[in-house]
Amino acid sequence: MPSKYNLTVELSSRTTRELSSSPGKYMSFLITAANNYKYSFADQILIYAQKPTATACAEIEIWNRLGRWVNKGTKGITLLVDRNIPYKLRHVFDIADTNSRYGNEVKLWAMKDEYADQVVENLENSFGEIESKSTFKRAIVGIVEAVVQDNYSDYLEQLYQVREGSNLEKMDVDELTGEFRDMLIVSVAFQVFTRCGYDASELIKADYFTNITDFNTPETLNAIGNASSDISEMILREIEATVRDAAREERQNRTFAENTKVRDNENEKKNTERSEDYGTDLQTGGRLPSSEPQSTGEPEDREIWDASVSVSARQQESDLQRNADVGQTEQSSGADRPGGDGGSGTPDKTNGEGTGRKRADEEDRSDEVGRDDELSESIGGGDRSERA
């Protein structure tokens, strides 16, 4: 009987092959990947295969630290451990499969229209100025194209090495470069729009993903998938950090306004009490009322999408290479288990800071609720290798 480890490896390979079979399946995967952008491409595939509706995943001990417990009977999402440690499998749980008896909520960050200018400004500060930014959507496309153009070459080099046996094999260098760059741009833009709350399938139609069928081997799909995952995370971390700062400032301003209103009400109450104590004839400045008789008169009355090609690059993560299986790691709700590997996903702390990336080399990635700052307005955590 195959081990749990072997079954998980086979599930990952089978799902990878299916993603390139049609634009629709690939776009469906990109939605799951966008919601779990702090996980690696390999982890995103397994999350999609087991729970495509997942929006924020973390290991059980992370949820417990956030005051939440996994629902009884919930089956964890099995991920492969990519390092040379005794445990070869780990399990994460989506926020929808957790509860809090004390009402502890973990809120994911959400893009709002009022944050748009600040988000675009910070993206330009991080990745360079763009020409067209008449709308937020056009600005996002411009940023994606710029970041892809700056980073795609390293990933392209890896694609050259694994294209044998795929539909890309007979393409010349220029044709292969253009197709890879175009596919990378639309893949990253689709994920960024999705995580920012847009219906990406309305902005970027399936026609733009027709060539995904050329990446018809696990190796070539890993090349486009790793690049897309890495660059999307790079941009979304910047957006996340800006949104958190804007939301924090919004709360502070609201609190200040409320405190000011309370003080004004207290002052008004004191003035009213003073007036009642000394009579309504006491006028401002402490002057005595006029001796003249008072008057007795009457009361006074999409299409933002026009993909121009460009891409980003980074060292592609190799295809799945894992070690032996480890026993069942799922736990009953309410009980902490020994922490698996340190790279597990960690939901962002409720009031945590976002840590967007610039163009520096990518570090290890953690689980999506994933990395240490995903759930700020609530969840996040982990490093790139195990993004929660």
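Values in this document were obtained by computation on a predicted structure and should not be read as measured data. If you read the sequence from its start, that first residue is 1, and numbering goes on from there.
Residues L168 and M171 meet the side-chain proximity criterion, which asks for heavy atoms closer than 4.5 Å. For the pair W69/W63, no side-chain contact is recorded, criterion being any heavy-atom separation below 4.5 Å from C-beta on. Side-chain contact between T194 and L30: absent, with no pair of heavy atoms (C-beta onward) separated by less than 4.5 Å. Under the 4.5 Å side-chain criterion, counting only non-hydrogen atoms from C-beta, I140 is not in contact with I235. Inter-residue side-chain proximity for F136 and V119 is flagged as met; some heavy-atom pair is nearer than 4.5 Å. Put simply, the side chain of V188 does not reach to within 4.5 Å of the side chain of V147, judged on heavy atoms. Taking 4.5 Å as the limit, every side-chain heavy atom of F93 sits out of range of all side-chain heavy atoms of K51. Using a 4.5 Å cut-off on side-chain heavy atoms (C-beta onward), F190 and V186 make no contact.
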Audit row: T242, Q118, side-chain hydrogen bond (donor to acceptor under 3.5 Å, both in side chains) steps and yes/no: CA-CA 7 Å; T242 304; Q118 190 174 344; 5.9 Å; no
Candidate pair F193 and V141, rule side-chain contact (heavy atoms from CB on, under 4.5 Å), full reasoning: CA-CA 9 Å; F193 281 133; V141 172; 4.0 Å; yes
From CA spacing to verdict: side-chain contact (heavy atoms from CB on, under 4.5 Å), V81, L89: CA-CA 5 Å; V81 175; L89 298 174; 5.5 Å; no
Intermediate values then yes/no, salt bridge (charged side-chain N to carboxylate O under 4.0 Å, His left out), K75 and D97: CA-CA 9 Å; K75 184 178 180 181; D97 294 322; over 6 Å; no
Full working for side-chain hydrogen bond (donor to acceptor under 3.5 Å, both in side chains) between T177 and D174: CA-CA 5 Å; T177 299; D174 291 340; 5.4 Å; no
side-chain hydrogen bond (donor to acceptor under 3.5 Å, both in side chains) evaluation trace for Q44 with Y37: CA-CA 8 Å; Q44 289 170 344; Y37 65 91; over 6 Å; no
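In terms of the side chain to side chain donor-acceptor pair (under 3.5 Å) criterion, S20 has no residue partners (sequence neighbours excluded). Annotation: side chain to side chain donor-acceptor pair (under 3.5 Å) contacts of T98 (sequence neighbours excluded): R68. Residues satisfying the side chain to side chain contact (heavy atoms under 4.5 Å, CB included) test with N211, not counting sequence neighbours, are E179, M183, D214. Shown here are the side chain to side chain donor-acceptor pair (under 3.5 Å) partners of N104, two or more places apart in sequence or in another chain: there are none. Every side chain to side chain donor-acceptor pair (under 3.5 Å) that T217 has, sequence neighbours left out, goes to T220. Partners of E249 by side chain to side chain contact (heavy atoms under 4.5 Å, CB included), not counting sequence neighbours, listed by chain and number: N253. Among residues two or more places apart in sequence or in another chain, the side chain to side chain contact (heavy atoms under 4.5 Å, CB included) test is passed with D113 by none.
Between F215 and F180, the two ring planes are tilted [angle within 30° to 60°].
Sorted by first then second residue, the salt bridge (Lys or Arg N to Asp or Glu O under 4.0 Å) pairs that include residues 13-37, not counting sequence neighbours, are E10-R14, E10-R17. Legend: salt bridge (Lys or Arg N to Asp or Glu O under 4.0 Å) pairs involving residues 116-132, not counting sequence neighbours, sorted by first then second residue: E124-K133. Sorted by first then second residue, the ring pair (Phe, Tyr, Trp, His ring centres under 6.0 Å) pairs that include residues 7-32, not counting sequence neighbours, are Y26-F209, F29-F41, F29-Y48.
At least one donor-acceptor pair closer than 3.5 Å links the side chain of Q50 to the backbone N or O of T78. Not a single donor-acceptor pair under 3.5 Å links the side chain of S229 to the backbone N or O of N226. Side-chain atoms of T213 come within 3.5 Å of backbone N or O of T210 as a donor-acceptor pair. Judged purely by atom type and a 3.5 angstrom limit, D94 uses its side chain to pair as donor or acceptor with the backbone of A56. Listed for the S28 side chain is no donor-acceptor partner under 3.5 Å among the backbone atoms of G24. Not a single donor-acceptor pair under 3.5 Å links the side chain of R251 to the backbone N or O of A246. Under the 3.5 Å distance criterion, the side-chain polar atoms of S12 are left unmatched by any main-chain donor or acceptor of T8.
A 6.0 Å sphere centred on CD of E169 holds more than 12 heavy atoms belonging to other residues, nucleotides or ligands.
When every heavy atom of R195 is checked against every heavy atom of A34, the shortest pair comes out as CD-O, 3.6 Å. Among all heavy-atom pairs drawn from T16 and L221, the shortest one is O-CD2, 2.9 Å. Counting all heavy atoms, side chain and backbone alike, N216 lies closest to N167 at OD1-N, 2.9 Å. Minimum interatomic distance between V92 and C57 (heavy atoms only, all atoms of both residues): CG2-CB, 3.9 Å. Nearest heavy-atom pair across L236 and V192 is CD2-CA, 4.0 Å. Taking both residues in full, the closest heavy atoms of A54 and N36 are given as O-ND2, 3.1 Å, listed atom of the first, atom of the second, then distance.
Atom-to-atom distance recorded for S187:OG and I185:CD1 is 10.0 Å, nearest 0.5 angstrom. Atom CD of Q191 and atom OG of S228 lie 4.0 Å apart (nearest 0.5 Å). Here the OG1 atom belonging to T53 is positioned 11.0 Å from the CD1 atom belonging to I47, to the nearest 0.5 angstrom. Of the inter-residue distances, the one linking L123 atom CG with I239 atom CD1 reads 5.0 Å to the nearest 0.5 angstrom. Expressed to the nearest 0.5 Å, how far CG of N35 lies from CD1 of I31 amounts to 8.0 Å. To the nearest 0.5 Å, atom NZ of residue K4 and atom CG of residue L11 are 10.5 Å apart.
Side-chain contact, E157 with Y152: no donor N or O sits under 3.5 Å from an acceptor N or O.
Taking 4.0 Å as the cut-off between side-chain N and carboxylate O, E145 and R181 do not count as a salt-bridged pair.
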